[in-house]
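Heads up, the thing below is written out as structure tokens.
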Amino acid sequence: MSEMNANNEILIHVESGVMTITFNRIEKKNSISSAMYATMADALVQADSSSVVRVVVFQGHEAVFCAGNDIEDFLKGPPTSQESPVMRFLYAISSFTKPLIASVCGPAVGVGTTMLLHCDLVYAGDNAAFSMPFVNLGLCPEAASSLLVPQMLGYHRAAEALLLGEPFMAEAALEVGLVNRVLPPLEANNYAQAIARKLAAKPVSSLIETKRLMKKGQAALVAQSIGDEAKSFGRMLSEPAAKEAFGAFLEKRKPDFTKL
Ligand code: COA
């Protein structure tokens, strides 16, 4: 068993072959700073090559999974290269070779939802609310969501999720296949752990090969989408619509895009 942390905002715990990565920044709704991305990227790289870790679980609090990028931090240090912490995290999670499980309760905003597209199993509390409000922030999809959301939801439901950016609840996520099972929020993390232990008892070589075979058809496309989206996202971050959206968030007012 081992413990590591990044200012305690990401907790990493390894036990019985399962690495659990916990968002622990509840006062900021588990929004993710660069330092937190870096910690998670390093943990995933380490887990992938580790002979001890066989499964990774992401979890948050029973009231909130993750509010996406830390907006203030993101504006101070926007990602400018493929080596930036957020990009390292996206490439690490999308190419991770062992089973990835997520337990999601409460809001899962932006990358809080798109990271789930790279998890193999997702369990949700009945209070889970998924949203990808990139357009509302003057931005565009990330984490290969422009590729994977239409594939998973079908085009029209994807357009609703990505163009309107409104939240959808756990039952709707279950219906479209984004989550495997809906549970009472206080049970979700324990359930995910039980499934992780079950997987960790299986032959890891078979888990890795099965996942590779399921994903190999579009692994290169996923990596390319992440890169293409990042170029647009990076450019759009400094454009007027995003400036207005982020300014409005920080000033706690509604954005006004009517003059843009
Ligand atoms: N980045 C930075 N700070 C954030 C944040 C984010 N993504 N999301 C929430 N916070 C902060 C709020 O500013 C607030 O800080 P304060 O207490 O210092 O004022 C605190 O977390 C609590 O947030 P609040 O909005 O009051 O909580 P809520 O329960 O009413 O709503 C959310 C929760 C997640 C629905 C809402 O915070 C939200 O929509 N956040 C923005 C998510 C977003 O747009 N993410 C995409 C970024 S690319």
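Indexing begins at 1, ligand by ligand and atom by atom, following the structure's order. None of these values were measured; they are calculated from a predicted model. Residue numbers start at 1 and run along the sequence shown.
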Report yes or no: does a heavy atom of F134 sit under 4.0 Å from some atom of ligand 1?
no
Has A67 got any heavy atom lying under 4.0 angstrom from an atom of ligand 1?
yes
Enumerated ligand 1 atoms positioned under 4.0 Å from heavy atoms of L137:
44 (O), 46 (C), 47 (C), 48 (S)
Suppose I only count heavy atoms of V109 and a 4.0 Å limit; which atoms of ligand 1 are within that range?
42 (C), 43 (C), 45 (N)
As a quick check of understanding, evaluate side chain to side chain contact (heavy atoms under 4.5 Å, CB included) for L178 and F130, giving each step before the final call.
CA-CA 10 Å; L178 179 63; F130 304 87; 4.0 Å; yes
Would one find an N or O of I71, backbone or side chain, under 3.5 Å from an N or O of ligand 1?
yes
N/O to N/O below 3.5 Å, does that happen between E72 and ligand 1?
no
Decide, yes or no, whether a salt bridge links [X] with [Y] under the criterion of side-chain N to carboxylate O below 4.0 Å.
X	Y	value
R157	E160	no
K211	D120	yes
E209	K216	no
R235	E239	yes

Please work out whether any backbone atom (N, CA, C, O) or any side-chain heavy atom from C-beta onward of [X] is under 4.0 Å from ligand 1, and answer side chain, backbone, both or neither.
X	value
N69	both
V64	neither
E27	backbone

Any non-hydrogen protein atom below 4.0 Å of atom 40 (N) of ligand 1?
yes
Donor-acceptor side-chain pairing of [X] and [Y] below 3.5 angstrom:
X	Y	value
N69	Y37	yes
R25	S31	yes
Y123	E187	no

Could you check atom 12 (C) of ligand 1 against the protein and tell me its nearest heavy-atom contact, residue, atom and distance included?
F249 CZ, 4.2 Å
Quick test: of every protein heavy atom, which one is nearest to atom 18 (O) of ligand 1, and how far off is it to 0.1 Å?
K28 NZ, 2.7 Å
